[in-house]
Colleague: 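Handing you a structure now.
What you are looking at is a predicted structure, and each value in this text was computed from that prediction instead of being measured.
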Amino acid sequence: MRIPKNVIEQVRDASDILSIAQDYVRLKKAGRNYLGLCPFHSEKTASFNVSPAKGFFKCFGCGKGGDTITFVMEIERLEFLDAIRWLADRAGIEIPKTKEEGKAYDKRESVYAALRFASEYYVRKLKEPNSGARAREYLHGRSLTEKTITRFSLGYAPDSWDSLIKAAADVHIKPETLEKAGLIIKRDDGSYYDRFRGRIMFPIRSHVGKIIGFGGRILVDHPKAPKYLNSSETDVYHKSNILYGLYQSKRMARQEESILLVEGYTDVLALDQAGVGSAACCGTALTLQQVTLLGRYVKEIRLLYDADRAGMEATERAIDVVLAGGVAASVVSLPEGEDPDSFVREKGADAFKLHLKTATKDWIDAFFAASLSDDGFGTLHKKRQAISGVAKRIAYTKDDILRKMYVQKASQLFAIPEGDMAHEITRYARSNQPQQQPTQTPPESSTSAEPVNFDAISEPEKMLLQLMLEEGGPMIEYILGNMGYDEFQEGPSRKLVDALIKGYETHGDGILSAIQSKGINADEITQQLVAHVLVPRHEISEGWEAKKINVPRLNENSKRIAQDCMMRVKGKVVERDLQRVKHEMMNAPEGSEEQSRLQKEYLGQKQYLLKINNRTLFDD
């Protein structure tokens with residue numbers, strides 16, 4: 001469904017780029033702007049700029065830039081309309097819907113509301129002195145701090161058949177809605193009872209933070225009750241698509257371009273408390289959908305499963321899925337009998353981080369070591385099977401250099417010629433891989449274009465674009481009244497001029513707002529150029545004014561600045577034309593009409609250049 005333009009404008013106006021960016025980036029004030037490490041690529045020197053006054057961000061390292069909506073699209077991997085909804089939800093703005101869509105939307109929202117209520121209810125019960133005492137004792141016994149308990153909204157479901165049903169009824173949430181949310185179960189006689197009873201509650205969030213389900217750990221072990229109980233599948237909860245802890249760890253994962261994949265909720269909690277980002281499957285084996293989701297944030301998945309036989313088998317299966325999903329895989333081993341939670345509790349965060357550095361192996365090394373320890377090469381047939389298994393996995397690798405390194409590594413490990421190993425990989429790549437490797441669903445973000453290097457556009461031309469964007473109609477008329485379309489550089493610069501012309505004709509002085517809200521059909525590269533010219537790399541130091549150094553600012557004499565920039569842009573264009581005409585003139589037949597015509601053109605261009613340099617082209 002299309003969202004009305006006035007609502008998009010309302011959402012954009014209500015969404016402050018600084019407050020949103022600060023949720024993801026640690027920013028420091030730098031003049032009128034804010035500076036920090038870019039969340040979109042790894043860097044050690046801050047090059048990510050946010051301009052609150054202009055409502056734009058720009059990274060001068062990777063080139064990404066845009067407004068608040070673009071930032072949310074990039075950081076959350078959302079389409080434009082989904083980003084608007086995300087921002088509207090954050091700002092408390094209601095988006096109107098058609099009657100049919102409204103009904104479906106309201107049903108889903110009622111489920112989300114029920115899940116939010118349940119989470120708040122479980123949190124309250126955990127805090128209650130009597131009912132939550134034993135649950136708090138259990139959590140503190142696992143060395144979880146109040147900060148971690150709050151960060152993950154941990155709660156407690158009382159050991160009662162209908163406590164949630166009664167609490168929900170008090171706020172007019174119907175049992176039918178609770179059932180659709182997977183919170184209660186219907187008996188044969190039509191009555192209902194709470195699904196979760198006497199359990200520590202772990203809210204499961206989507207990657208954008210919505211509560212979509214729960215995991216519950218029984219507080220008092222019972223032989224007939226499962227230790228962990230997860231929500232049933234619902235319209236909003238599909239466990240094969242979800243990873244517990246990703247919402248909390250995705251910023252760190254994006255920065256480090258890797259994430260730990262662990263087995264349990266408490267592993268995620270312990271690692272997060274130790275300053276290590278991780279995620280866990282919700283009662284299922286790792287799926288391709290989950291790998292695809294992680295691939296939007298990271299380049300490498302580090303598998304950290306329990307150091308027992310079941311954990312080793314799960315690791316083997318997960319390697320296949322990770323590689324099939326097009327993401328790099330590595331394996332972290334723990335001492336036998338340990339899991340991440342117990343390791344961190346017993347040895348501390350620093351010891352775990354140190355262990356992480358020394359115990360992480362590429363999947364091929366981990367596979368080979370596990371096979372040797374398990375007498376995997378006891379016969380030549382077993383060794384042949386192992387070679388085939390490794391070849392099949394390497395066949396998923398699209399990076400040519402990495403594939404060559406894997407070929408060298410595998411041939412060394414198995415003591416076979418590189419040519420034989422390469423042949424085996426090629427065989428799998430041609431025959432098996434198309435059937436086994438899934439079609440990758442595109443990222444949710446529509447901002448898939450690679451950042452463009454705008455250095456080829458001259459600074460005077462960028463300044464002209466900036467003046468037209470910031471000052472609107474009068475400046476657009478003045479500059480484009482004195483500049484020919486073909487005097488702007490071909491490519492992004494001309495595309496932006498096109499957008500300015502069309503936008504001014506349609507929206508008047510609201511040109512910048514129209515570009516930001518996609519009221520004008522400006523492509524991603526044009527959007528990036530807008531951010532590039534509006535967010536300066538450097539600002540004039542306030543200390544210069546204190547030292548009485550006079551530096552003209554853009555809005556002090558913008559017309560004069562425009563004239564100077566037009567003179568320089570036009571001068572470069574004419575100089576290039578003069579070089580072309582001179583070359584053609586030298587190659588023209590002596591005394592020919594062509595030579596005469598070129599000579600006249602050359603003299604005309606020289607006179608035009610003189611006018612440009614004397615500023616006689618411009619009306620004051």
Side-chain angles (χ1 to χ4, degrees), residues 138-139 141-145 148 152 200 202 215 217 227-228 243-246 248-249 252-253 256-287 290-291 294 298-323 327-376 386 389-390 393 409 413:
Y138 170 84
L139 293 173
R142 299 196 75 110
S143 302
L144 294 176
T145 65
T148 298
F152 285 84
I200 302 289
F202 302 86
R217 202 274 187 202
K227 186 175 180 180
Y228 280 93
L243 287 154
Y244 180 76
L246 178 59
Q248 287 85 358
S249 65
M252 190 185 306
E256 297 181 357
E257 298 185 338
S258 68
I259 191 169
L260 280 171
L261 195 62
V262 295
E263 288 193 281
Y265 300 137
T266 54
D267 292 332
V268 171
L269 298 173
L271 292 176
D272 186 86
Q273 191 166 285
V276 179
S278 67
C281 297
C282 300
T284 66
L286 183 65
T287 67
Q290 291 164 333
V291 172
L294 288 173
V298 303
K299 294 179 180 178
E300 178 189 17
I301 296 174
R302 294 182 290 176
L303 301 165
L304 177 53
Y305 290 170
D306 291 349
D308 54 21
R309 185 64 194 173
M312 290 172 63
E313 291 174 356
T315 300
E316 284 290 308
R317 293 191 297 270
I319 288 171
D320 289 335
V321 180
V322 172
L323 295 175
V327 182
S330 59
V331 178
V332 182
S333 60
L334 287 175
E336 190 171 352
E338 291 276 18
D339 57 44
D341 178 27
S342 64
F343 191 104
V344 170
R345 281 191 287 121
E346 292 171 11
K347 300 180 181 178
D350 291 339
F352 180 83
K353 290 175 182 177
L354 179 62
H355 181 81
L356 201 58
K357 290 180 179 179
T358 58
T360 301
K361 294 180 180 179
D362 197 282
W363 67 265
I364 193 170
D365 291 310
F367 172 81
F368 192 82
S371 297
L372 285 178
S373 65
D374 199 31
D375 194 26
V390 167
R393 288 170 174 171
K409 183 77 171 179
L413 291 173

Colleague: If every non-hydrogen atom of Gln290 is compared with every non-hydrogen atom of Ala285, which pair is closest and at what distance?
Modeller: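 Taking Gln290 first and Ala285 second, the nearest heavy atoms are OE1-O, 3.8 Å.
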Colleague: Do you know which two heavy atoms are closest between Leu334 and Pro340, and how far apart they sit?
Modeller: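 Heavy atoms only, the tightest pair is CD1-N, 3.6 Å.
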Colleague: Can you see which heavy atom on Gly275 is nearest to which on Lys353, and at what distance?
Modeller: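 Gly275 and Lys353 have their closest heavy atoms at O-CE, 4.2 Å.
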Colleague: Mind checking whether Leu260 and Leu356 have side chains closer than 4.5 Å, heavy atoms only?
Modeller: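 Touching, per the 4.5 Å side-chain cut-off.
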Colleague: Quick one: closest heavy-atom pair of Val332 and Leu304, and the distance?
Modeller: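 Heavy atoms of Val332 and Leu304 come nearest at O-CD1, 3.4 Å.
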Colleague: Listed by chain and number, what are the side-chain contact (heavy atoms from CB on, under 4.5 Å) partners of Thr145, not counting sequence neighbours?
Modeller: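 Thr145 satisfies side-chain contact (heavy atoms from CB on, under 4.5 Å) with Lys147, Thr148, Gln273 only.
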Colleague: Looking at side-chain heavy atoms only, is the closest gap between Trp363 and Val390 below 4.5 Å?
Modeller: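 They are in contact (side-chain heavy atoms under 4.5 Å apart), so the answer is yes.
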Colleague: Under 4.5 Å between any side-chain heavy atoms of Phe352 and Leu271, yes or no?
Modeller: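 A side-chain contact under 4.5 Å exists here.
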Colleague: For a side chain to side chain contact (heavy atoms under 4.5 Å, CB included) check, start with the C-alpha distance between Val327 and Leu294, then their side-chain angles and the critical distance, and finish with the verdict.
Modeller: CA-CA 9 Å; Val327 182; Leu294 288 173; over 6 Å; no
Colleague: Is any side-chain heavy atom of Asp339 closer than 4.5 Å to one of Thr266?
Modeller: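 Thr266 does not reach Asp339 side chain to side chain.
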Colleague: Would you say the side-chain atoms of Ser249 pair up with the backbone N or O of Ser278, donor to acceptor, closer than 3.5 Å?
Modeller: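 Side chain of Ser249 to backbone of Ser278: a pair is present.
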Colleague: Look at the side chain of Thr358 and the backbone N and O of His355, then say whether any donor-acceptor pair between them is shorter than 3.5 Å.
Modeller: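 Such a contact is found between Thr358 side chain and His355 backbone.
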Colleague: Is Tyr265 close to Phe152 at the side-chain level, that is, under 4.5 Å between some pair of heavy atoms?
Modeller: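 Not in contact.
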Colleague: For the residue pair Glu346 and Ser342, confirm or rule out a side-chain donor-acceptor distance under 3.5 Å.
Modeller: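 Per modelled atom types, Glu346 and Ser342 side chains form no pair under 3.5 Å.
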Colleague: Begin with the C-alpha distance, continue with both residues' side-chain angles, and end with the deciding distance and a verdict on side chain to side chain contact (heavy atoms under 4.5 Å, CB included) for Phe202 and Val268.
Modeller: CA-CA 11 Å; Phe202 302 86; Val268 171; over 6 Å; no
Colleague: Tell me the closest heavy-atom pair linking Ala329 and Val322, and the distance in Å.
Modeller: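 Where Ala329 meets Val322 most closely, the heavy atoms are CB-CG1, 3.7 Å.
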Colleague: Can you name the nearest heavy-atom pair linking Leu243 to Ala279, along with the distance?
Modeller: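 Here Leu243 and Ala279 meet closest at CB-CB, 4.1 Å.
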Colleague: Can you find a heavy atom in the side chain of Leu303 that is under 4.5 Å from one in the side chain of Ser330?
Modeller: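 They are not in side-chain contact.
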Colleague: Given side chains that start at C-beta, do those of Arg393 and Ile364 come closer than 4.5 Å, heavy atoms only?
Modeller: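 No, every pair of side-chain atoms sits at 4.5 Å or beyond.
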Colleague: Is it true that Arg345 and Glu338 make a salt bridge, defined as a side-chain N closer than 4.0 Å to a carboxylate O?
Modeller: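 Glu338 and Arg345: not salt-bridged.
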